[in-house]
Amino acid sequence: MRLKFCVVLVMAVFIINIMAGINVLAQNEVIEFEDVHEGFWAKSAIDNWKDRGVIKGDGKKFNPNNNITRAEMVAILNNIFKFHLKKDNPFSDVKEGAWYYDAIVKGYAHGVIKGNFDEKGSLEARPNHPLTRAEAAVIFTNVFSIEVPSDYNSNFKDENLPKWAENSIFAMEAEGYIRGKEEGFFDPYSNLTRAEMVQILDNVIKLYLDAPGEYSADVAGNVVISSPGVKLKNMKIEGNLYLAEGIGDGDVEFENVYVSGITFVRGGSSDGIKAVNSVFGTVKIEKEGINLNLANEDTGDLEEEKEDIPAALEDSEGQKDERGQNSKEQGAENQESENKGDKGTPGENKDEQGTSGENKDDQGSGGEEPDDGSHYPDSADIVDY
């Protein structure tokens, strides 16, 4: 009898272990979107951010040609930077329980969105409204602190570029993050698609580190670190370095690292950021309570600037965002800087790739307001798109 009981117990444990293994495999299974086919102009970017867990779609489809909503945009940014600050919800149209509630509240706390007042004087985030290309440009430049060169001459032929977004559009163009549509037009008032949003994101971020480990490889572009326990070694970064909110108060280490652009400190701690024989260009500290003296870490001559965390951007046209840019609407969609053969919706920018308005990836973060200028986001979860 005892032997029979032992056999049954062993078999039960064996079955449980098998089922657990199946569950793990299912959780780690890589999603292949059935509507993102080989040859689709933004497939490479979509696959990249899907594999990073930043976008998930609805589990089967990504809906690349759908318009991305304000909530989805904020959610994606929150998913990348992992914002954590929260304030009381000021928006009358953002109800607790909505998939984007947490993301929008965090986005508001981090100055990503500010909203607009309706005719009754209530503040609205308009989370389900589509994001325009002009709004997207403002969001990207605010979040990534991209500035237009003083002597830059744009190649866009549009005569109707909104003043509140003009510098942001030019800044994105100057960096090669967007190229506009056919015949040299940016088309600021058109809506940004999910594919276009993802492509722009892929253009702006060349290396995204969201897991502990040691990394060593030169990067021609911007690098975002959004996890503690990351070490960069023997690396040259031809762009900006963003120490994101996802680091929390954890450690990040640098050994023989050279940054040609600006290093933005939005996460980490005074004791946790360690550098040896590294150069960080201009250092901008945007997290309260951090005091760094990287120049004493054998890093050479660094120019360090301490910045206050920017306030929420204004939503109305002509108002200024946290970084002093006019921010009526944020985020004009940017065209993907390299994709020329968009296989998505006709007339879409090759630079931008977007997210659709209701994907689960984007959920978890609030959308940007067309009028507000966005700053860097928080840790809201992107809905799967």
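Numbers for residues simply follow the sequence, beginning at 1.
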Provide the closest heavy-atom pair for [X] versus [Y] in the form atom of the first, atom of the second, distance.
X      : Y      : answer
Ser122 : Ser92  : CB-OG, 3.6 Å
Pro212 : Pro228 : CG-O, 3.5 Å
Val94  : Asn89  : O-ND2, 2.7 Å
Pro64  : Val36  : CG-CG2, 4.3 Å
Asn67  : Pro130 : CB-CB, 4.1 Å
Lys87  : Val105 : O-CG1, 3.1 Å

- [ ] Please identify each residue that fulfils salt bridge (charged side-chain N to carboxylate O under 4.0 Å, His left out) with Glu183, with sequence neighbours left out.
- [x] none

How long is the straight-line distance from [atom2] of [Y] back to [atom1] of [X], given to the nearest 0.5 Å?
X      : Y      : atom1 : atom2 : result
Ser278 : Glu253 : OG    : CD    : 10.5 Å
Thr141 : Met172 : OG1   : CE    : 7.0 Å
Tyr258 : Asn277 : OH    : CG    : 13.0 Å
Glu173 : Ser154 : CD    : OG    : 3.5 Å
Ile46  : Lys43  : CD1   : NZ    : 8.0 Å
Leu209 : Ile225 : CG    : CD1   : 5.5 Å

Salt bridge check: are [X] and [Y] linked by an N-O gap of less than 4.0 Å?
X      : Y      : result
Glu32  : Lys60  : no
Lys231 : Asp251 : no
Asp249 : Lys287 : yes
Arg52  : Asp210 : yes

Report, as yes or no, whether the 6.0 Å neighbourhood of atom [atom1] on [X] holds more than 12 heavy atoms from other residues, nucleotides or ligands.
X      : atom1 : result
Asn234 : CG    : yes
Asn153 : CG    : no
Glu96  : CD    : no

Open item on the list: My understanding is that only one of Val257, Val219, Val252, Leu207 makes a side-chain contact (heavy atoms from CB on, under 4.5 Å) with Leu232; could you say which?
Closed with: Val257

Check: [X] side chain, [Y] main-chain N or O, donor-acceptor pair, under 3.5 Å:
X      : Y      : value
Ser270 : Asn291 : yes
Ser227 : Ile247 : no
Asn222 : Gly239 : no
Asp35  : Asn63  : yes
Ser226 : Ile80  : yes
Asp93  : Arg126 : yes
Asn116 : Glu124 : no
Asn240 : Thr263 : no
Asp118 : Gly121 : yes

- [ ] Might you work through the ring-ring contact (aromatic ring centres under 6.0 Å, His included) test for Phe280 and Phe254, ending with a clear yes or no?
- [x] CA-CA 10 Å; Phe280 297 89; Phe254 304 92; 5.1 Å; yes

Open item on the list: Just to verify, which of Phe81, Phe264, Tyr177 counts as forming a ring pair (Phe, Tyr, Trp, His ring centres under 6.0 Å) with Phe144?
Closed with: Phe81

Open item on the list: Going by ring pair (Phe, Tyr, Trp, His ring centres under 6.0 Å), Phe33 matches just one of Trp49, Phe40, Phe62. Which one?
Closed with: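 Among Trp49, Phe40, Phe62, the one that satisfies the ring pair (Phe, Tyr, Trp, His ring centres under 6.0 Å) with Phe33 is Phe62.
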
Side chains of [X] and [Y] in contact at under 4.5 Å (non-hydrogen atoms):
X      : Y      : result
Leu131 : Asn191 : no
Ile205 : Tyr242 : no
Val265 : Ile290 : yes
Asp158 : Leu161 : yes
His84  : Glu245 : yes
Asp58  : Lys61  : yes
Val259 : Val279 : no
Glu214 : Val230 : no

Open item on the list: side-chain contact (heavy atoms from CB on, under 4.5 Å) for Lys95 and Tyr101? Distances and angles first, verdict last.
Closed with: CA-CA 7 Å; Lys95 306 300 182 183; Tyr101 179 85; 5.9 Å; no

TODO: Might you work through the side-chain contact (heavy atoms from CB on, under 4.5 Å) test for Phe140 and Glu175, ending with a clear yes or no?
DONE: CA-CA 12 Å; Phe140 273 105; Glu175 292 293 335; over 6 Å; no

- [ ] Apply side-chain contact (heavy atoms from CB on, under 4.5 Å) to the pair Asn256 and Met235, showing each step before the final yes or no.
- [x] CA-CA 7 Å; Asn256 299 323; Met235 180 180 290; over 6 Å; no

- [ ] Assess whether salt bridge (Lys or Arg N to Asp or Glu O under 4.0 Å) is satisfied between Glu286 and Arg266, documenting all intermediate values.
- [x] CA-CA 5 Å; Glu286 298 176 343; Arg266 300 169 180 173; 2.6 Å; yes

Task: Between Asn78 and Tyr100, a side-chain donor and acceptor under 3.5 Å - done: no

- [ ] Examine the side chains of Tyr189 and Asp187 and answer whether a donor and an acceptor come within less than 3.5 Å of each other.
- [x] no

TODO: Check the pair Ser190, Lys181 against side-chain contact (heavy atoms from CB on, under 4.5 Å), reporting the backbone distance first and the verdict last.
DONE: CA-CA 11 Å; Ser190 291; Lys181 297 187 176 181; 3.6 Å; yes

Task: Criterion ring-ring contact (aromatic ring centres under 6.0 Å, His included) on Phe156 and Phe185, from CA distance to verdict - done: CA-CA 5 Å; Phe156 290 134; Phe185 291 94; 9.1 Å; no

